[in-house]
Amino acid sequence: MSEPYDPKTIEERWRDFWREKGFFKADIENTDRKFYYLNMFPYPSGKLHAGHGRNYILGDAIVRFLNMRGYNVLNPMGWDAFGLPAENAAIEQGVHPRDWTWRNIEEFKRQFRAWGVEYDWDREIATCEPDYYKWTQWIFLKLYERGLAYRAASDVNYCPHCDTVLANEQVVGGRCERCGSVVERKKLTQWFFKITDYAQRLLDDLEKLPDWPERVKLMQKNWIGRSEGALVTFKSERGDPIEVFTTRPDTLWGATFLVLAPEHPLVEALTAPDRRAEVEEYREQAARQTEVERLSTEREKTGVPIGAYAINPVNGERIPIWIADYVLMGYGTGAIMAVPAHDERDFQFALKYGIPVIPVIAPPGGVRKSYLRKGTTREGLAEALREAGFQVAEEDGDLYVTLAEGDRERYVALVQGYLNPNAWTEVIGAGWEFVFPDAVLNVGSLAEERAVLERCRELEQRVREVRTVAELLWREKFHRDLLFHAEYGEMLNSGPLTGTPGGAAVKRTIQWLEERGIGKHAVTYRLRDWLISRQRYWGAPIPMVHCDRCGVVPVPEEELPVLLPDVPFIEKKGLADIPEFVEAPCPRCGGPARRDTDTMDTFVDSAWYYLRYISPKDDRQAFDPDLVNRWLPVDLYVGGVEHAILHLLYSRFITKALHDMGYLAFDEPFRRLFTQGMITYPAYWCDEHHWIPPGEVAEGSRCPHCGAPLDVQVLAMSKSKKNVVPPDELIEKYGADTERLYTLFMGPPERDIEWSEEGVRGAWRFLSRLWALVTEQIPAIKDIKGAVEPGELDKAGEELWKKLHATIKKVTEEFEGRLGLNTAIAALMELTGIFSDYLNREKRDPRLVREVVRNLILLISPFTPFLAEELWSRLGEGKSVLETPWPQCDERALAAGEVEIPVQINGKVRARLRLPSSVAEDKQALQEAALADPAVAARISGKEVVRVIAVPGKLVSIVVG
RNA sequence: GCCGGGGUGGCGGAAUUGGUAGACGCGCUGGACUCAGGAUCCAGUGGGGAAGUAACCCCCGUGUGGGUUCGAGUCCCACCCCCGGCACCA
């Protein structure tokens, strides 16, 4: 019996081997055949679980492959070590955040070693160390010099639980991304990075990233949120200019009110004395609201008029000014023109508050509708309309008429003859018209709207309390779908531009506005500046000093780093609470001054770390400009999609800023991005006892503590939900190779997949089989010399030999291309199966056996490096696997000798032919061979062959009558 | 609501360019070994039917309904469902 597969012993033998041999150290000076592979560095919190393996095991396999392919691979690792969890843990446990962080780092490193995941540890960095954050501060100073870092008072997101402000990107659905607390809005003076200066380039340059997932690029695009339109200047009656941004300047003539954000600076000056109390109250109430309340959908819009009026510059209409919280101060100019006829929100608002609606854009399709209430016309109208070819529906004596394009004149003429003296009907479509027996009135301006309303009120008791024409029309459900639309269309009621077709409307209007100096073309972005101040201890101090005489003064470069004060860490403490830190002389005048007491957002730390790995110990500069330009951009960057916006957008911004300052030759940091999916696992929730680890769940999915039925959800593995699989246990039971293999085999790396213990056992079985297979062969092939002679192989040998080379091709292509390593492993399993069959035969070619064994070991080594290294050494190869070149595919093996060709008759596979490839590749010969096949011939005999399609090397398709 | 991705056996998934659907693995079924097996090995395994010595043969089948094509998981149109992002962005 052969030696059983014992991963525990084998793996321990090789754990330090690779590191000691220096296989993972990059030759930094030589960039001829360089490859910068980078995994997103982790935040060292607690322990790694199987879910983390998705990222690191994938990376390690790729790096081992690249090494064998002869690349000079730079593959560093470090720690995103500043941040709130360290501080919170420290507060709870009474340890210093630095100690807590380094304990975790040591644990992570132990686990990497156990996994066989190797890095160039000489380049290790930790963002919490002064020799790193010194340069984070340096970058801050550089941005400040360039005007890209500034201090401003603004409404900021504040997390009451984390006791700090948050960037816009860190607020998810109105809640703190980290702790889930409802975010409050506060007016504070804070530091910002001017990322909005780069909005257009961050958007445009996405096109320079063909090897990024489309999904991620799209998310960034949406986040930047570019809108093109116009800035139009309205004036208050007193003459104050009020600038509004609109994407629909073509609807300008339909503006019937103006809305300012409650925080808009002009509100104060414009509010009429008799409106002041109500306006103040509304503003306070809006300010009190949390993001969540303000964002809650389906909430009815509210607002108050401020008692002032504005003049529409295009038609001189006097329109009321309102404030409403659906207008945001942070976007555009914080003021909008409201066009209720062509914007859903404005329409709702206008209807609620009785503000007139004027249609100015024809709806698509040219449909018009008219409604005639019972008793408003003489008898016989319905018949007359039908006779004239109109589409009429009748219900309880009421008539509902739908008009096609071009029917209007005929309809108006006909219906006027039937209308009773005190009645009217509306024709709603491209414009709203009111048909009276003696006149047709159009709703094309505020004055006309009033006139129509007056007349209707006089004629009809029922509508006396109606405030606007729109409200009158809204009462009739038949009209509702035509009262507002947001499509492009021909301009109506728009003075000199009336009749402009929809396709040209926006452009023509902007041109018209520019000619008159009323407005101009403009672009707005949803992206806001990046708020980087954090009121916490565990981060890089902002290197600024506040002096009463000199103002805000940067700390001189040569005085960096501004060190975090080394306080014994016991309680919640910000830098502001530490006088030794705060008090500092002013760098400019030397007088007493105060240090800035905020630390930087940890996303600043991680926005440039990929540059530091190039020269991690350089104490003269953040990075070596020559080397950095030779090694970057990063060739392949692998991490989770959760960073699609935050980290990746910030890194792109910092790279571009440093590029513009002349420090970097490139302006995109990551050439190729790969986002791996998450590993999920059932998470059990008990209302009383919260998350229950899957291992403790009682029979029938019940809580082990109270027996209540548990709520099960398959979620991403995470410590907080207690649904993690610890690698230590897996490695103890099956070995690291098995975990590695299963992690990469479970599915495509970019997809989320549920972890399966059975799947792990499958990987284990395969490795045991492979181990047995190879170890049994070693004595027989150890001393065999000479290469395989394909010509001398028998049929089974040839098949195996071809499979071997097809597998080499497949595995190589997956590593170099789309990283579908699950299919690469499947191919290795297939090869192993065929090899096993071959070994059961009497006749074997020992040279072939040796070639298959050698290549199988090499091909599987990126996935299961321990097993590969062990077998390789037993084979007596001397060198390490990692010193051996990656297998080469023999092109001769790909030219198949015999292939199976399916024959379709009328689209169905009816026969499969085994043909020499010389025949299969020749269209004429292939067709003849197919028609000559007895099974095929039998099927088509007596039928007319209509057509024969022979695709060389693929199939034959015969169509019979 | 808008934008994107995706629906393939009992399960994870494969089919990379319009060309043999279900590779590989899990699970399941049967068998072997065994005192025993939740270990290991061998065989089978999309559904249905015919056949019964067997090779093999027939029908259906990739969310639903249409279409293009000799041929569709793959392309086009409409719809349903799931996941992700954004969400009063003017």
Side-chain angles (χ1 to χ4, degrees), chain A residues 4 172-174 213-223 225-227 229-230 244-248 251 259 261 294-301 324-328 330-339 342-346 348-349 486 524-528 641-642 644-645 741-742 745-748 750-766 768-769 772 810 813-814 817-818 820 822-833 900-912 935 946-951 953-960:
Chain A
V172 179
E214 284 306 317
R215 187 161 64 120
V216 172
K217 288 193 277 186
L218 200 80
M219 281 163 75
Q220 294 213 350
K221 201 174 159 183
N222 292 340
W223 189 261
R226 182 183 198 274
S227 307
V244 303
F245 174 75
T246 177
T247 53
R248 291 299 300 273
T251 65
V259 188
R294 186 162 171 166
L295 286 176
S296 75
T297 43
E298 300 307 315
R299 193 177 122 242
E300 208 175 312
K301 301 200 183 336
D325 63 6
Y326 78 95
V327 172
L328 310 172
Y331 184 81
T333 61
I336 63 159
M337 62 173 203
V339 184
H342 305 292
D343 180 283
E344 192 180 356
R345 294 155 300 172
D346 298 345
Q348 284 174 15
F349 197 84
T524 316
Y525 302 90
R526 209 191 71 112
L527 183 71
R528 316 283 165 86
V641 237
E642 64 274 20
I645 299 170
L741 189 76
Y742 173 65
F745 179 64
M746 63 195 299
E750 69 277 10
R751 207 182 296 183
D752 290 352
I753 300 176
E754 187 178 341
W755 184 264
S756 141
E757 175 89 21
E758 284 70 35
V760 176
R761 278 216 301 279
W764 157 263
R765 267 198 291 271
F766 169 68
S768 305
R769 248 191 333 264
K810 169 76 180 168
E813 280 175 357
E814 290 300 346
R818 57 169 197 173
N822 54 323
T823 61
I825 293 168
L828 287 167
M829 289 172 168
E830 283 180 62
L831 173 63
T832 306
E900 193 182 82
I901 298 286
V903 181
Q904 294 182 354
I905 297 170
N906 286 349
K908 299 212 151 116
V909 178
R910 296 300 187 194
R912 292 181 173 89
V946 181
R947 215 173 138 189
V948 180
I949 296 133
V951 183
K954 291 269 194 227
L955 58 33
V956 180
S957 184
I958 302 167
V959 190
V960 296

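Only a predicted model underlies this, so the values are computations on that prediction, with no experimental measurement involved. Throughout, a chain's letter reflects where its sequence line sits, starting with A, and its residues are numbered from 1.
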Self-check item: Pair A/Phe766 + A/Phe745: ring centers closer than 6.0 Å
Solution: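 No, they do not, as the ring centres are separated by 6.0 Å or more.
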Pairing partner of [N] (Watson-Crick or G-U wobble, both distances under 3.5 Å):
N     : result
B/G18 : none
B/U40 : B/A32
B/U68 : none
B/C56 : none
B/U74 : none
B/G84 : B/C3
B/G12 : B/C24

Quiz item: Between the base of B/C88 and the side chain of A/Lys301, is there a donor-acceptor distance below 3.5 Å?
Solution: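 Indeed there is one.
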When you measure from the side-chain N and O atoms of [X] to the phosphate of [N], is any distance below 4.0 Å, counting only OP1 and OP2?
X        : N     : value
A/Asn822 : B/A14 : yes
A/Arg910 : B/C59 : yes
A/Arg526 : B/A87 : yes
A/Arg765 : B/C24 : no
A/Arg751 : B/G13 : yes
A/Lys217 : B/G85 : no
A/Arg215 : B/G4  : no
A/Thr823 : B/C24 : no

Distance between the [atom1] atoms of [N] and [M], in whole angstroms?
N     : M     : atom1 : value
B/A78 : B/C59 : P     : 33 Å
B/G9  : B/G5  : C1'   : 23 Å
B/C86 : B/G13 : C1'   : 31 Å
B/C83 : B/G46 : P     : 31 Å
B/U20 : B/G61 : C1'   : 15 Å
B/C60 : B/A54 : P     : 26 Å
B/G27 : B/G10 : C1'   : 7 Å
B/C81 : B/G25 : P     : 37 Å

Exercise. Whole angstrom is fine here: how far is it from CE in A/Met219 over to P in B/A87?
Key: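 Between P of B/A87 and CE of A/Met219: 11 Å.
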Quiz item: For the pair made of OH in A/Tyr331 and C1' in B/A87, what is the distance, rounded to whole Å?
Solution: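 The distance from OH of A/Tyr331 to C1' of B/A87 comes to 13 Å, rounded to the nearest Å.
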Quiz item: In terms of base orientation, is B/G9 syn or anti, with the syn window spanning 90° either side of 0?
Solution: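 Classified syn.
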Quiz item: Counting only heavy atoms not in A/Lys217, do more than 12 fall under 6.0 Å of its NZ?
Solution: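 More than 12 heavy atoms, drawn from other residues, nucleotides or ligands, come within 6.0 Å of this atom.
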Exercise. Would you indicate what A/Glu642 reaches in the nucleic acid, counting non-hydrogen atoms under 4.0 angstrom: base, sugar-phosphate, or nothing?
Key: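 Touches nothing.
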